[in-house]
Amino acid sequence: MFLNLGAARDDNARRPASGEVLAADEGYTVIDGDLMVIGDLTGNGHIVVKGTVKGTINSRSVEILRTGVVEGAVIAESAIIRGHVIGPVRANTVIAATSARIVGSVFHNVLTIEPGAKLEGRRPWRPHIDRNLDNE
Amino acid sequence: MFSQGGKGSETPIQPVRETRATPRSSGETSIISADLKVIGNLVSGGDIQIKGVVEGDVKSRTVTIGEGAKVKGAINADSVHISGAINGQVEAPTVTVAKTAKVNGDIIHQTLSIEAGAHMEGNCRRIETKKPADATTSASIASLKPAASPPPAEVGKKAVGGS
């Protein structure tokens, strides 16, 4: 059992780009490509979505990778979208990468749209977005 | 395969920053971090490590419930390792309960290990059938996909030639 745990940790350590990430292991969530979450995710750390989430994501920092699909709202202080979001995005800093596809409004304070990103919907600017308040 | 480097071949080569389209069942682990709360169900064909709070059912190949984690709901997997708290039924061929665990619910297993000190409340039932959770897991995953079209009606078999 303890061996197992050790192995799992070892596995983590071998993951790429994990240097920074694993240091802050506490608040680091991965929704792997195999995983489908039907429900809401609420946290204060960093959430990486490679799989599917059908529900609202609310966290300090959210990254939807290319394979990631979110059917629901993405609420964060900083959101990087490389995958598919069907629903509103609400974050102070939003980066829509080349591979992004967002079907829904993007509420933002600072918005970056890389060439090729597909944004369908309004992109309203807001002076400040508080992810804990459910305001429009 | 990647024979250019002289290094050991075991390190998986993956892009560092921009994660490419990872193949399905990449063998990676999903992690629910300690500060995360999930209200809803988790369905996976891979591994899930839960360190936070999950209120809902979990279906996966491997489920690890870390110390300090809380799960309220049923767990159905091939292998379950429990170090945290769970309130609900656990169904898996292999179940390991560590001493820090707090289990409130039944455990349906083939192989069960409970470390001294674990808090257990509920029935432990052993089932003989081979890989029951495996079947349910794949069934549940299959049920997420659109149902396969029903087999073509046996139109062609209509009595053509007669007797």
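Predicted model, so just to flag it, every value in this text is computed and none were measured. Values below: every heavy atom of this structure, side chains too, minus hydrogens, waters and symmetry copies. Below, chains carry the letters A, B, ... as their sequence lines are ordered, and counting in each starts from 1.
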Identified side chain to side chain contact (heavy atoms under 4.5 Å, CB included) counterpart of S30(B) within the set T29(A), D32(A), V48(A): D32(A)
Derivation of the side-chain contact (heavy atoms from CB on, under 4.5 Å) call for L42(B) and L35(A): CA-CA 7 Å; L42(B) 306 173; L35(A) 183 65; 4.0 Å; yes
Joint hydrophobic cluster, I113(A) plus V62(A), side-chain heavy atoms closer than 4.5 Å: yes
Selection from I47(A), I31(A), T56(A), L41(A) maximising heavy-atom pairs under 4.5 Å formed with chain B: L41(A)
Polar side-chain atom of D35(B) near backbone of N44(A) as donor-acceptor pair, under 3.5 Å: yes
I86(B) reachable from I39(B) in the ILVMFWY side-chain graph, under 4.5 Å edges: no
Other residues, nucleotides, ligands: >12 heavy atoms within 6.0 Å of E120(A) CD: yes
Joint cluster assignment, I86(A) & V49(A), ILVMFWY side-chain distance < 4.5 Å: no
